[in-house]
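Worksheet for the structure shown next.
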Amino acid sequence: MSRIAVVVFPGSNCELDVQWALRAIGAEAEMVWHRETDLSGFDGVVLPGGFAHGDYLRTGAIARFSPVMSAVTAMAEAGRPVVGICNGFQILCEAHLLPGALIANRDLRFICRPVEVEIVDTATVLTASVEPGAVLTLPLNSYEGQHTDPSGTARVVARYVEDVNGSQDRAAAIANEAGNVVGIMPHPERSSEDVLGSSDGRLLLESLVAATERIPA
Amino acid sequence: MTTDLAPEEDALTESGDTGGEDEDTLHRRLGLTDAEYQRIVEILGREPRPAELAMYSVMWSEHCSYKSSRVHLGRFPTEAPWVVVGPGENAGVIDLGDGWLAAFRIESHNHPSYVEPYQGAATGVGGILRDVFTMGARPIALWDQIRFGPLDNPKNRYLFSGVVSGIAGYGNAVGVPTVGGEIAFEECYSGNPLVNVMCLGILRRDQLVLGTAGKPGNVAMLLGAATGRDGIGGASILASASFDEESATKRPSVQVGDPFEEKKLIEACLELYQKDLVVGVQDLGAAGLSCAAAEPAARAGVGMELDLDTVHVREPQMTAPELLMSESQERMMAFVEPSKVDDVLAVAAKWEIAASVVGRVTDGSRLVVRHQGEVVADIPAASLTEEAPRYDRPLGEPAWMEDLWSNRFKHMTAPEIGPTLLRLLDDPSIASAAWVYEQYDHMLFLNTIVGPGNDGNLLRIKGTEKAIAVSTDGNGRLCYLDPRRGAARIVYEAALNVAMTGARPRAVVDNLNFGNPEKPEVMWQFRETVEGISEACESLGIPIVGGNVSFYNETDGLDIYPTPVVGLVGVADPYPKHPPRLDRARAGMDLWLAGPVDATDLAGSSFEKVVYGHVGGRPRAADGTAARAAIDLAVALVSEELSPCLHDVSDGGLAVAVAEIAIASGVGVTFEYADWRHLFSEDPHRFVFVADPAHRGRIEELGAACRATLTRIGEVGGEAIVFTRGTRTDAVDLDEATTTYRRALPRRLS
Amino acid sequence: MKVTVHIERRPEIADPEGTTISRSLVDLGYDEVVSVRTGRTLHLEVEGDDADAVKERVDEMCQRLLANPVIEDYRIEVEA
Amino acid sequence: MKVTVHIERRPEIADPEGTTISRSLVDLGYDEVVSVRTGRTLHLEVEGDDADAVKERVDEMCQRLLANPVIEDYRIEVEA
Ligand SMILES: Nc1ncnc2c1ncn2[C@@H]1O[C@H](COP(=O)(O)OP(=O)(O)O)[C@@H](O)[C@H]1O
Ligand SMILES: [Mg+2]
């Protein structure tokens with residue numbers, strides 16, 4: 001069974017939700033405190049949503065220096081799945097594991113509602129089980145959700161069907177070149193059961209779990 | 001810009017020495033009356049020292065002592081077999097079965113939100129969270145009830161958007177979802193907005209913690225943020241006096257919330273409880289350290305020694321009174337057995353929060369405070385709490401009630417149905433609140449199975465079959481017209497909202513927002529309200545387990561409408577797997593009305609207020625028997641999965657209730673009525689629901705079994721909201737209704 | 001005309017963000033850092049050629065919208 | 001020693017806050033406002049007496065933590 005680390009920074013708050021949703025599809029998901037330095041024994045890692053270090057200075061800026069981040073970088077370099085959701089996405093950008101940065105939503109308001117995203121790249125650890133072109137309903141929950149990438153190198157994995165926050169290229173999720181590091185702004189774990197209104201996010205989490213199983217530990 | 005300290009603060013900043021200061025002036029400036037001062041002298045057998053006077057002034061303030069309300073609050077029914085903790089602790093606690101408990105409380109932050117809307121609302125959220133996790137519970141949801149003056153005034157827009165951002169900014173970042181609430185706009189809130197917030201947490205029975213100091217020998221530890229000069233003479237004094245433009249400039253130092261610190265504090269405290277490292281916990285809110293020392297000592301019947309030199313501070317050179325009165329946020333006091341201090345420090349270090357030992361529980365009953373080697377206070381702990389003054393203030397029915405009641409609006413002609421409906425849908429108090437709740441994280445923790453935009457909310461407890469339902473309701477206009485009837489009606493409305501999620505009502509917390517208690521009219525409104533809430537709760541068999549009183553909501557002598565707000569908690573076990581929601585009506589379904597179809601009473605209705613600007617007449621009283629029948633029927637319909645969508649008839653009456661179903665579900669509705677007044681009456685305890693025609697038989701059986709009146713009034717389908725009466729038809733295009741309803745707030749705010 | 005508005009939180013008002021930044025700098029090894037306070041700047045491009053008049057208008061904007069006098073102080077700088 | 005760090009968003013990067021403020025000012029009747037850009041300041045209190053050495057250290061702090069070079073520029077000012 002694949003074993004996924006869910007990193008907890010001071011101020012993270014979606015870690016229990018990610019763990020719940022991953023366990024519901026049969027993965028082993030364990031919390032790892034940000035002061036840990038060792039991720040051996042894990043097949044993949046998720047940086048969950050929340051407000052690491054209060055989002056002070058810039059979202060993700062302080063979290064990037066947490067001791068655990070060297071191990072996360074090592075995982076990324078080893079080709080293992082590394083997924084950042086919402087605040088986790090912001091941290092991956094600050095850590096330069098993904099290009100660009102996330103700035104305040106165009107309308108300067110926090111947005112919490114389900115949005116539609118189109119999966120445009122299925123060659124990543126988060127989207128491999130999804131049909132290309134599939135449109136998924138996933139809850140967005142962010143203030144700094146507008147992705148901007150002056151380098152223009154971001155590989156867009158999912159696009160908002162409507163321009164909800166001003167993201168460049170309507171990017172809702174982006175990946176590194178190898179497709180093993182993915183940042184996604186909407187929350188797959190929040191749409192992982194019908195009783196929550198949608199189970200579309202499950203497809204993404206299943207892709208992640210499958211990807212961790214493909215890679216020899 | 002210079003610092004604008006309140007005058008009382010100047011007096012206390014100049015160290016312990018009040019030389020040259022007239023003592024008499026000082027106590028008055030601190031909000032104590034001469035008689036109260038005399039009482040202090042009697043208790044102590046001497047003149048109080050400055051630090052002592054500071055402590056009495058905050059603890060005996062209206063906000064902390066409930067001195068004007070206490071004699072009336074005793075009227076509340078507070079008992080039921082499932083009550084674990086009733087009023088008196090930081091939050092009420094009820095039993096949900098199988099070892100699960102729910103802790104909840106509601107509180108106001110009205111004046112601070114007027115002074116600084118973002119921080120005022122944010123720190124209101126922080127404060128109510130602490131009341132709940134103090135009990136050992138993990139806070140799982142928040143609800144906000146906010147009221148402002150009309151949005152055509154820029155100041156009100158500024159206050160409204162600032163408050164919403166503050167609730168979002170704090171609630172989202174601290175990681176507790178805000179899953180529902182209420183917004184209302186009335187002229188009377190222009191100079192005095194109301195910002196109430198309710199919080200609910202869950203815990204296992206063995207994790208319950210009380211605000212007690214425990215045994216002599218225990219150590220008092222202060223956890224969390226450093227202490228600064230925040231809000232000195234703030235929440236407590238601010239909330240205990242009337243407001244005018246002048247006091248807005250004499251405001252005390254504004255408190256700034258730090259949701260990040262609070263998040264760490266929540267996690268650290270929950271770990272302390274889980275490891276059984278604390279005997280008791282008390283949050284530091286209004287009255288800060290004074291309250292956090294006095295209350296737990298008084299509850300446990302012990303004494304306490306505090307050493308102010310060990311308090312970690314943000315600003316240098318704070319005086320003893322300042323340290324004792326500071327309302328710095330995100331602090332908790334824990335009472336710990338000496339052998340466990342190191343373990344507590346280790347947990348605090350792990351979560352990166354500061355912790356220090358600041359005192360010791362002693363034999364006897366005195367609270368002794370030292371600062372820089374000197375005793376600055378030595379007083380009986382209970383004299384700050386139990387011996388606080390109580391006033392049975394004079395009360396009398398306002399002379400204006402007779403006029404109000406006889407001032408019934410005479411409707412000369414029937415209104416045009418379509419335009420009237422659109423007008424109501426465009427009213428900010430009725431229109432979609434999505435502009436507000438989409439700024440709040442309302443999904444965190446994956447519990448929210450009926451979220452904002454519906455009547456009640458339903459939160460599952462993961463890993464169980466249980467769900468907790470909550471509805472918060474208030475209606476100032478109705479309570480102004482008749483406080484007793486109005487207050488009873490909001491309790492019934494909340495109970496029905498909870499029932500429509502499939503849950504049984506279990507307990508209530510209340511927030512009583514009133515004007516100046518020194519006016520007999522206001523005290524009469526208060527007493528009537530307490531009666532109304534009590535009667536309704538008794539009729540429903542549910543207790544009141546906690547609440548809050550906010551007086552002095554007046555500006556320049558004008559009192560707000562009496563505005564009680566209730567938060568009603570229910571339990572569904574098992575919870576519905578296809579929970580009913582407003583957006584689940586489908587073409588081909590029947591539209592039903594539970595309760596009388598021929599309601600004509602319009603007194604206090606949105607129809608009269610919004611369409612004619614009229615507020616008058618005496619609203620109808622609720623009928624307990626009919627209310628219980630409606631509740632039974634709603635619970636039965638949901639638990640048998642007969643209806644996917646139910647909605648109560650409240651603001652805007654039947655026409656708006658039906659339109660809201662159509663708008664949420666994106667499908668038209670056609671229905672019949674006999675008299676136009678039936679469309680806009682807000683007669684209590686009625687609801688509409690939709691159901692598959694195949695269920696007609698069973699639904700009628702249930703109606704009969706519950707003794708509820710039931711009428712099939714129409715059907716779902718088409719692209720318009722169509723009203724028919726005989727051969728007459730009025731139709732409102734669904735798209736137009738939808739746009740009006742959804743754009744009402746955004747268009748006024750951008 | 002270019003105008004810069006410097007907005008600072010009044011000194012007695014808590015600045016949790018500054019505190020957090022200061023703590024992380026120390027964590028990163030910069031233990032010479034004693035404290036950090038945060039502020040905001042607004043760079044306005046304003047039409048007009050009378051510096052005094054422009055400054056007066058911007059002052060009004062600050063009082064009405066840009067700064068929150070309850071917790072903030074501000075300072076206006078008009079560039080040549 | 002008092003050090004001020006001015007952090008500005010690079011001109012090619014969107015500044016939703018600046019845009020919103022500018023729009024509200026015009027709405028309020030200040031139609032002389034052409035544009036607004038927002039920036040941040042950090043006021044550091046740092047131990048040390050050699051201004052150049054302090055500045056160098058703060059520069060390092062900026063590069064590592066205080067500014068994000070992908071979207072921001074910064075400027076350091078050491079006060080006497
Ligand atoms: N309107 C009310 N109805 C019932 N209980 C109330 C009401 N107002 C206050 N109480 C109870 O009085 C107690 C003290 O309240 P308060 O001093 O505001 O507590 P805190 O110091 O935690 O803010 C609480 O247990 C509260 O539930
Ligand atoms: Mg409390």
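All values below come from the heavy atoms of this structure, side chains included, with hydrogens, waters and symmetry mates left out. Lettering of chains follows the sequences in order, A, B, ..., and the numbering in each one begins at 1. Not measured: the values here are computed from a predicted model.
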Heavy atoms of B/Glu261 and C/Arg23 approach each other most closely as OE1-NH2, 4.5 Å

Could you tell me which residues in residues 48-55 of chain C have at least one non-hydrogen atom under 4.5 Å from a non-hydrogen atom of chain B, sorted by residue number? none

With side chains defined as the heavy atoms from C-beta onward, is the minimum distance between B/Val256 and C/Arg9 less than 4.5 Å? yes

If I measure from the heavy atoms of chain B, does C/Ser35 come under 4.5 Å with its side chain, its backbone, both, or neither? neither

B/Gln255 CD to C/Ile71 CD1 distance, which is reported to the nearest 0.5 Å: 12.0 Å

Expected list for residues 117-128 of chain B: side-chain donor-acceptor pairs under 3.5 angstrom, two or more places apart:
residue, atom, partner, partner atom, Å
B/Gln119, OE1, B/Gly257, N, 3.0
B/Thr123, OG1, B/His109, ND1, 3.4
B/Thr123, OG1, B/Gln119, O, 2.7
B/Thr123, OG1, B/Gly120, O, 3.2

Contact part of C/Ile13 toward chain B, heavy-atom cut-off under 4.5 Å: side chain, backbone, both or neither? both

Does CD belonging to C/Glu56 count more than 12 external heavy atoms closer than 6.0 Å? no

